[in-house]
Amino acid sequence: ERLQKKLSIELAKLFLPKTKSNKTYQVVSVFREWNNFDLFISFLETETYEELKEDKAGKYFLDSLYEANKNLSFKELSKAVETEFDETTLKDKIKKFGEHCRFVVVENKFKSIPDQEQLDEYYEKVKNEIGFIIGVGKNKSKGYSNVFVTTKNITFYLLAPEYSIDVFKESQKINKPKKPENIKWNTISYEKICEELEQILTKNKTENEFAYQYVEQYKNLIEQLYG
């Protein structure tokens with residue numbers, strides 16, 4: 001399980017947030033089927049990530065997100081408050097995260113051809129804002145630091161075989177998306193994922209032989225289907 005978590009973090013680095021700045025980002029957490037998104041990844045600016053890692057409350061918060069498999073409530077996060085640090089300190093870390101985080105949604109199309117209308121539905125969900133960390137505080141004038149997924153902090157990716165991506169791009173030329181131009185689906189192919197898996201597996205082979213074989217079989221299957 002430890003290696004599989006490590007592999008998911010390594011692969012998540014392929015799906016970096018698209019921003020206008022030159023800032024770099026670190027993967028914080030990877031979720032499967034979060035709010036019905038195939039893959040949901042949270043990132044944090046590298047400078048802020050390193051800053052949070054330096055103190056007890058910040059490290060606890062980052063570790064909690066790393067281990068999570070769903071969105072967190074402040075009630076869950078504050079379990080360690082009584083013995084480790086005070087509640088206000090934890091809220092400050094969450095607020096800092098909210099100010100410097102980015103999110104990525106990955107839609108996986110393994111067998112079917114991507115449909116623009118279906119992809120646009122994901123944007124509609126985000127447009128209404130989705131709570132990522134909730135219950136921190138409701139009064140905006142007094143340290144309001146809940147964290148929401150919005151259209152301003154999210155990047156969309158389509159993961160599919162190369163031929164599916166080609167079909168999708170051609171269809172976009174013919175049937176232009178009805179949504180605003182700034183809603184763009186970036187693309188990554190399964191073939192690219194195979195290349196990355198090869199490198200990651202080589203570096204981690206001795207850590208867990210069973211997990212290595214499991215992921216290697218998955219990589220080989222992709223290559224057989226789309227190589």
Side-chain angles (χ1 to χ4, degrees), residues 3-49 62 65-71 97-98 100-116 118-127 130 132-133 147-166 168-169 172 177 179 182-201 203-204 215 218-219 222-223 226:
L3 177 57
Q4 290 174 341
K5 188 76 174 180
K6 187 175 181 178
L7 286 169
S8 68
I9 293 294
E10 288 297 318
L11 284 174
K13 294 175 183 178
L14 286 172
F15 304 96
L16 290 172
K18 300 291 185 180
T19 67
K20 294 181 180 179
S21 70
N22 294 323
K23 293 177 179 178
T24 60
Y25 290 86
Q26 295 291 324
V27 179
V28 177
S29 56
V30 180
F31 302 85
R32 291 188 62 192
E33 300 298 333
W34 186 82
N35 276 265
N36 293 321
F37 296 128
D38 285 345
L39 196 64
F40 184 85
I41 310 167
S42 69
F43 289 85
L44 187 60
E45 290 176 11
T46 301
E47 185 177 343
T48 306
Y49 181 86
L62 292 175
L65 283 178
Y66 178 84
E67 298 295 339
N69 55 19
K70 62 178 181 178
N71 51 323
F97 174 84
H100 301 276
C101 66
R102 290 292 184 274
F103 301 104
V104 166
V105 164
V106 181
E107 170 65 5
N108 178 24
K109 288 293 183 183
F110 190 71
K111 295 180 180 179
S112 57
I113 300 296
D115 177 78
Q116 182 65 49
Q118 180 190 9
L119 297 179
D120 286 342
E121 292 176 6
Y122 289 99
Y123 170 76
E124 290 299 322
K125 288 174 64 175
V126 174
K127 191 170 70 172
I130 303 173
F132 184 67
I133 302 173
V147 179
F148 291 93
V149 182
T150 73
T151 55
K152 294 181 180 179
N153 63 15
I154 197 163
T155 302
F156 294 97
Y157 277 92
L158 172 64
L159 172 63
E162 286 182 356
Y163 75 84
S164 293
I165 291 175
D166 290 340
F168 174 69
K169 288 180 177 178
Q172 282 191 310
K179 303 300 175 185
N182 62 339
I183 298 156
K184 177 185 177 183
W185 280 87
N186 303 279
T187 59
I188 288 185
S189 69
Y190 268 103
E191 289 82 351
K192 176 65 174 176
I193 292 292
C194 276
E195 293 175 10
E196 295 298 322
L197 272 175
E198 185 71 50
Q199 295 181 31
I200 295 168
L201 287 171
K203 288 189 288 186
N204 296 279
V215 179
Y218 174 71
K219 179 186 77 71
I222 294 175
E223 289 179 336
Y226 304 113

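Numbers here simply count residues along the sequence, with the first being 1. Values below: all heavy atoms of this structure, side chains included; hydrogens, waters and symmetry mates excluded. All values derive from a computational prediction rather than experimental measurement.
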Legend entry - Sequence-distant partners of Y157, side chain to side chain donor-acceptor pair (under 3.5 Å), two or more places apart: none
Inset, instruction - State the OH-CD1 distance between Y122 and I154, to the nearest 0.5 angstrom. - result: 11.5 Å
Inset, instruction - With sequence neighbours excluded, tell me which residues meet ring pair (Phe, Tyr, Trp, His ring centres under 6.0 Å) with Y49. - result: none
Inset, instruction - Tell me whether the guanidinium CZ or amine NZ of K125 lies under 6.0 angstrom from the six-membered ring centre of F37 and within 45° of its axis. - result: yes
Legend entry - For K18, side chain to side chain donor-acceptor pair (under 3.5 Å) partners two or more places apart: none
Inset, instruction - For residues P161 and K109, report the shortest heavy-atom separation together with the two atoms involved. - result: CD-O, 3.2 Å
Inset, instruction - Any pair with a residue in residues 30-49 that passes salt bridge (Lys or Arg N to Asp or Glu O under 4.0 Å), sequence neighbours left out, goes on the list, sorted by first then second residue, please. - result: K23-E45
Legend entry - Euclidean distance, L159 CG relative to K192 NZ, rounded to 0.5 Å: 12.5 Å
Legend entry - Heavy-atom closest contact (L158 atom, W185 atom, distance): N-CE3, 3.9 Å
Legend entry - Which atom of T151 lies closest to which atom of V126, heavy atoms considered: N-CG1, 3.6 Å
Legend entry - F40 ring center near F103 ring center (under 6.0 Å): yes
Legend entry - T46: partners by side chain to side chain contact (heavy atoms under 4.5 Å, CB included), with sequence neighbours left out: T24, Q26, E50
Inset, instruction - Report yes if the side chains of L65 and F132 come closer than 4.5 Å at any heavy-atom pair, otherwise no. - result: yes
Legend entry - Shortest non-hydrogen separation from V147 to C101 and the atoms involved: CG1-SG, 4.1 Å
Inset, instruction - Take N35 and V149 through the side chain to side chain contact (heavy atoms under 4.5 Å, CB included) test and state the conclusion after the steps. - result: CA-CA 11 Å; N35 276 265; V149 182; over 6 Å; no
Inset, instruction - For F97, enumerate each residue passing the ring pair (Phe, Tyr, Trp, His ring centres under 6.0 Å) test, keeping only those at least two apart in sequence or located in another chain. - result: F61
Legend entry - Working for side-chain hydrogen bond (donor to acceptor under 3.5 Å, both in side chains), residues Y190 and N108: CA-CA 10 Å; Y190 268 103; N108 178 24; 2.3 Å; yes
Legend entry - Spacing of OG belonging to S189 relative to OH belonging to Y163, to within rounding of 0.5 Å: 12.0 Å
Inset, instruction - Would you name the heavy atoms of A12 and I41 that are closest together and state the gap between them? - result: CB-CD1, 3.8 Å
Legend entry - Side chains of V28 and F43 in contact at under 4.5 Å (non-hydrogen atoms): no
Inset, instruction - Report the distance from atom CZ of F15 to atom CG of N186, rounding to the nearest 0.5 Å. - result: 10.5 Å
Inset, instruction - First locate atom OG of S164, then atom NZ of K169, and finally report the distance between them rounded to the nearest 0.5 Å. - result: 12.0 Å
Legend entry - Any side-chain heavy-atom pair of L14 and L16 under 4.5 Å: no
Inset, instruction - Taking all heavy atoms of Y25 and all of H100, pick out the closest pair and write down the distance. - result: CE2-O, 4.1 Å
